[in-house]
Amino acid sequence: MTTPTHPRSPRGGLRIGTVLGACLLPTIEAPLAFVTLVQLMPRGDDAVEFDAAQEFALLSNLGIGWAILCLVLTLPFVKTRRLRRWWYAPPLAMLLALAARLLFFPPYGS
């Protein structure tokens, strides 16, 4: 004998919040992943001019801001238990990578 599930039951039926979160979060984290990849690519001393160091720092700061925004947007989905806590891992890892790159390996002496 099967028990029918209520349409709004968190254990059955279509979970709109889960689908929305699972589609929205990777979409907004894709540009962040690209910025993080660009920032972590090794560069030689002759790879860019010294003037590009300010753009490097700007892009890193924008990436850190975007990572914080991604973490904030992840919060309601995790708080309502629509998504699990591991959804914090990708933006947090990219935030830490960008912060480490900016703090410990500054762009060309700036």
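One-based numbering along the sequence shown.
- The line from CH2 of W86 to OG1 of T74 is 10.5 Å long, rounded to the nearest 0.5 Å.
- In this structure, R101 and L40 have side chains that are in contact, with non-hydrogen atoms separated by less than 4.5 Å.
- Residue W87 holds its CH2 atom at 7.5 Å from CD of E29, rounded to the nearest 0.5 Å.
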Residues 59-66 side chain polar contacts: donor-acceptor under 3.5 Å, at least two apart:
{"from": "N61", "atom 1": "ND2", "to": "A57", "atom 2": "O", "distance (Å)": "3.2"}
{"from": "W66", "atom 1": "NE1", "to": "I28", "atom 2": "O", "distance (Å)": "2.7"}

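- Looking only at side-chain heavy atoms (C-beta outward), I68 and L95 come within less than 4.5 Å of each other.
- Heavy-atom minimum distance, P76 versus V72: CD-O, 3.2 Å.
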* To do: Begin with the C-alpha distance, continue with both residues' side-chain angles, and end with the deciding distance and a verdict on side-chain contact (heavy atoms from CB on, under 4.5 Å) for C70 and L25.
  => CA-CA 7 Å; C70 289; L25 293 176; over 6 Å; no
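- Between L71 and P91, the shortest heavy-atom contact is CD2-CG, 3.8 Å.
- Looking at T18 and F77, their side chains never come closer than 4.5 Å, going by heavy atoms from C-beta outward.
- Once rounded to the nearest 0.5 Å, the distance linking CD of Q39 with CE of M94 reads 13.5 Å.
- Shown here are the side chain to side chain contact (heavy atoms under 4.5 Å, CB included) partners of L96, two or more places apart in sequence or in another chain: L92.
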